[in-house]
Amino acid sequence: MTEMTSETYHPAVLEPAIREFWETERLHRADRGDGETYYCLSMFPYPSGKLHMGHMRNYTICDVMSRYQIMRGRRVLQPMGWDAFGLPAENAAMANGVPPAEWTRANIRHMRGQLQSLGFAIDWEREIATCNPDYYRWNQWFFLQLLERGIAYQKTGTVNWDPVDQTVLANEQVLDGRGWRTGALVEKREIPMYYLRITDYAQELLDSLDQLDGWPDRVRAMQANWIGRSEGAEIAFACTDQVIKVFTTRPDTLMGATFMAVAAEHPLACRAAESNPELAAFIRECQKGGVSEADIATQEKLGMDTGLTATHPLTGEQIPVWIANYVLMGYGEGAIMAVPAHDERDFEFARKYDLPIRQVIALPEGQAYDDRRWHESYAAKDGTLVDSGPYTGLSCADGFAAIVADLEKKGAGKARVQFRLRDWGISRQRYWGCPIPIIHCQDCGAVPVPEEDLPVVLPEDLVPDGAGNPLKRCEAFLNVPCPKCGKPARRETDTMDTFVDSSWYFLRYTCPDNDRAMVDERTAEWMPVDQYIGGIEHAILHLLYARFWTRLMRDQGLVSVDEPFARLLTQGMVLAETFYREDENGRRTWFNPAEVEVQRDAKGGVVSAVRVEDGQPVIPGGVEKMAKSKNNGVDPQALVDQYGADTVRLFSMFAAPPEQSLEWSEAGVEGSWRFLRRLWNGVQRHAAQGVVTDVLEVRKLDDNGLALRRLLHETIAKVTDDFGRRLTFNTAIAAVMECCNGLARFEPSATNDRALVQECWTALVRLIAPVTPHLSEALWRKLGADGSVFDAGWPAVDESALARQTVTLVVQVNGKVRGRIEAAPGSEQELVEGLARAEPNVARFIADKTIRKVIVVPDKLVNIVAA
RNA sequence: GCCGGGGUGGCGGAACUGGUAGACGCGCCGGACUCAAAAUCCGGUUCUGGCAACAGAGUGCGGGUUCGAUUCCCGCCCCCGGCACCA
């Protein structure tokens, strides 16, 4: 073990040796020790090729929290696995002709090695990959259970269709309304798909957000908005021989409804179009463009009169029925009653097509309704109804109730709760995913694959070429006898959304070796996850689906928890400076920060930047998320090779608190490197004078010694709070640095002083160990200890060391700091006030004034209010 | 468009419950060591004025509450994330 006791800090030699020691001791096994369990989980990576800074940051946060808990005596599960199905593997296959399976598995091998070189306390014996049949067979098995329970069902859904490639496109593959490969205008198309009834759980998913007090408020708010509960009414409008059902949150404004609008896909629209070619053309027009909510919300509002009229259920009046592209088939009933006077979208539409606007809510005193310009007060819900027949004079709330009651009497409507949340469509028309275990038979229809025939194994040798799912051309996969009647039948070729894979992987880590069941009794031992860490970009979809899926498994009797993740930390993005040059056509070439040198003025401000290679200037393009398109990615591996894992870990934890975005800086990394070397040298110099065996005698310390000891114990208290409660690792590291600076200034004179220095180092090395595990492990040995620093326990605060003789109080005059005074802690108000007035600079400011009031905050501040 | 978050020195950030704005680190300036450079060590560093003591200004912009506001309230501006088939 000479590598571990070398006199100079050589992480390239030291770190592998330390990891070998951990490996031999099997220090990272989740079932090591007998403490209380702690499940610390990061969102598993998509194996894109190599580790990027975002991964590095995510897993470092997770490892710091895991190692802190290990040192506190907990039995920690920190697993790792691979979200291995998905679109990028198909894109890579198209680019290189390599089957997605091969590409994915090679990436996993490479990234596993990278993760291991970072020294994370991961239990690798529990690794999983979602593309392995022993994982995804349970997707299939559970899907069949859901089908039986009626949670999974089939209906049509809208997808992006590329008419040239004859294939379905992901939203990501639609650029400015065109297919990414063909450039063809994308169309909407309706195809049959499998859905899960997440809406059955909408209320529960919403209600239990309140109990998730370990989650950031903003994530809970985003989920609540996404679920989008609204109370309103469904109202039936008669239209020729049929009924148009609408959902509205504002039945109180029913008397102001002047027209109706239905979605282009609404059955009534389709029927009206049969006899009206102009309408049919308009509906086709509406089918252009993408399906994403952002596309629909930003497109221009378009509409066309169907020529039909509907009967107002209360007045009997005939109002026109329009087709409008801002009405969505997927929400509510796919039809609305339009009240342009009090709804902004309806207002805009009515103005454009010159439809009547009828005000039915009074405006605040002094404000007049202007039907040429929208004002947000028009949508207020706290007004009084006007021009509303029998309801005139009622408040909106009373009008709501009265109108709903009358509709109910007439059988034309009732109160209803509507969720914005839609059922989860899990079918994907792609190859590289988990096959949906269904067999299509001409006679028997869609037949579930019998349980004993699972898994339906995805053939791994196919290469997608962009023209649709290659499974559709794979006869060996397609052809299968019908499980019911035995006649030749065909397999379903759609695969599952990868969000299915990631909705329960955290359960599988607890029992990855079980080939007889999806989960087992070990699952209950670890669940729920104590701490989950991942990107804010997953705040809604992944986290909502995982919460839903956990409930599905609960209702199947497979797990006992409602909520999978007790605490959640959403880490910020990793950013870096960008640099570019522009050619005469305005095209930009981006240069990696590593090839650029910045030039500064005498104050340190950046004045210009040049590319090192040619010495020519480049333009700084601001700080952006690390991305291929801006060529500002920094490779963590290169930095680990150069500085060692501990330095890179330290910088990524020090540069920003975990929830905020982190701006990468090479100079900052060097600063972290310098700190670690100072730390190493400090311990080295201390240890070189011989190991201290004498017990520290606090009584013998002089003022300097007592001050250092107070600093040390303040630091222990601060770091413990930052790691355990606040999760602000940056301030914890700053506190350790501050304490090291204080220790460096201390000059030990007696043997007893050296015992104090020994106390400081043994505490500091442990305090920083979760962040810099290799270095701390080695220094722990230098300090004369046996065994791993991670078995050494967390340093304890000695309360008696925190006592102070005096405290400094700030003295303000009219809120401005004018001086400072020293006083014994807990001094009486009158004494402090007297000292404050006597302070020379303070006295100067109050000399010719009358004192009106004096505010004293004990041991902190005095504010003298004088005029 | 809708929902969510953010804006503090030259830079990353700190200030936790309304109580010293700028901890810690980077950068920069000066010094020590060196033939020299790198590395290292020591000192300084919000801006303006001043030799200094100190004074004035200052947390995106405009208002408000308060003895006191980066922190709370109202109105704006700018940047970022998500929007259901990227993961």
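What you are looking at is a predicted structure, and each value in this text was computed from that prediction instead of being measured. First the proteins, then the strands, lettered A, B, ... as listed; each starts at 1.
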Practice task
Determine whether any donor atom in the side chain of E537(A) lies under 3.5 Å from an acceptor atom in the base of rC86(B), or the reverse, and answer yes or no.
Solution key: no
Problem - Donor-acceptor contact present, side-chain N107(A) to main-chain P47(A), <3.5 Å - result: yes
Practice task
Between rC85(B), rG5(B), rC16(B), spot the one nearest the side chain of R218(A), thanks.
Solution key: rG5(B)
Exercise for the section: Ignoring the backbone of D721(A), work out which of rC16(B), rA23(B), rC86(B) is nearest its side chain. Expected result: rC16(B)
Problem - N or O in side chain of N91(A) less than 4.0 angstrom from rC86(B) OP1/OP2 - result: no
Practice task
For nucleotides rC29(B) and rG13(B), find the distance between their C1' atoms and express it as a whole number of Å.
Solution key: 22 Å
Problem - rC67(B) versus rA52(B) - spacing of their P atoms, nearest Å - result: 37 Å
Handout entry: Interatomic distance at P, rA69(B) relative to rA21(B), whole Å
Key = 10 Å
Problem - Syn or anti conformation of rG13(B), syn meaning chi within 90° of 0 - result: anti
Fill in the blank from the handout: From CG of L544(A) across to P of rG4(B) the rounded distance in Å is 16 Å
Exercise for the section: Step through the shown structure and confirm whether more than 12 heavy atoms of other residues, nucleotides or ligands are within 6.0 Å of CD on E190(A). Expected result: yes
Practice task
With heavy atoms under 4.0 Å as the rule, sort S427(A) into base, sugar-phosphate or nothing.
Solution key: base
Handout entry: Spacing of L743(A) atom CG relative to rC24(B) atom P, expressed in whole Å
Key = 16 Å
Completion exercise
Between CG of D722(A) and P of rC16(B) the distance, given in whole Å, is 12 Å
Fill in the blank from the handout: Of the listed rG27(B), rG4(B), rC86(B), the closest approach to the L87(A) side chain comes from rC86(B)
Problem - Sole residue of D162(A), V159(A), N469(A) in side-chain contact (heavy atoms from CB on, under 4.5 Å) with T167(A) - result: D162(A)
Problem - Heavy-atom donor-acceptor pair, R818(A) side chain to N841(A) backbone, under 3.5 Å - result: no
Practice task
Decide if the gap between the ring center of W504(A) and the ring center of Y135(A) is smaller than 6.0 angstrom.
Solution key: yes
Exercise for the section: Identify whether any heavy atom of R422(A) sits under 4.0 Å from a base atom; if not, whether one sits that close to sugar-phosphate; answer base, sugar-phosphate or nothing. Expected result: base
Exercise for the section: May I have the distance from E738(A) (atom CD) to rC24(B) (atom P), rounded to whole angstrom? Expected result: 5 Å
Practice task
Using a cut-off of strictly less than 4.0 Å, decide whether Q571(A) has a side-chain nitrogen or oxygen near OP1 or OP2 of rG5(B).
Solution key: no
Exercise for the section: Using the C1' atom on both, measure rA57(B) against rG18(B) and round to a whole Å. Expected result: 22 Å
Exercise for the section: Tell me what Y46(A) touches on the nucleic acid: a base, only sugar-phosphate, or nothing, going by heavy atoms under 4.0 Å. Expected result: sugar-phosphate
Handout entry: Euclidean distance, atom CZ of residue F419(A) to atom P of rC83(B) [Å, nearest integer]
Key = 22 Å
Practice task
Could you give the distance separating rG60(B) and rC11(B) at their P atoms, to the nearest angstrom?
Solution key: 13 Å
Practice task
For V174(A), answer base if it contacts any base atom (sugar-phosphate contacts may also be present), sugar-phosphate if it contacts only those atoms, and nothing otherwise; contact means non-hydrogen atoms under 4.0 Å.
Solution key: nothing
Handout entry: Minimum-distance nucleotide to N225(A) side chain [options: rG25(B), rC3(B), rG13(B)]
Key = rC3(B)
Practice task
For M626(A) and rC80(B), give me the distance from atom CE to atom C1', rounded to whole Å.
Solution key: 16 Å
Practice task
Going 5' to 3' through nucleotides 58-68 of chain B, assign each nucleotide B (protein heavy atom under 4.0 Å from a base atom), S (under 4.0 Å only from sugar-phosphate atoms) or - (no protein heavy atom that close).
Solution key: ---------B-
Practice task
Summarise protein proximity over nucleotides 39-55 of chain B in one line of letters, 5' to 3': B for base, S for sugar-phosphate only, - for none, counting protein heavy atoms closer than 4.0 Å.
Solution key: SSS------S-----SS
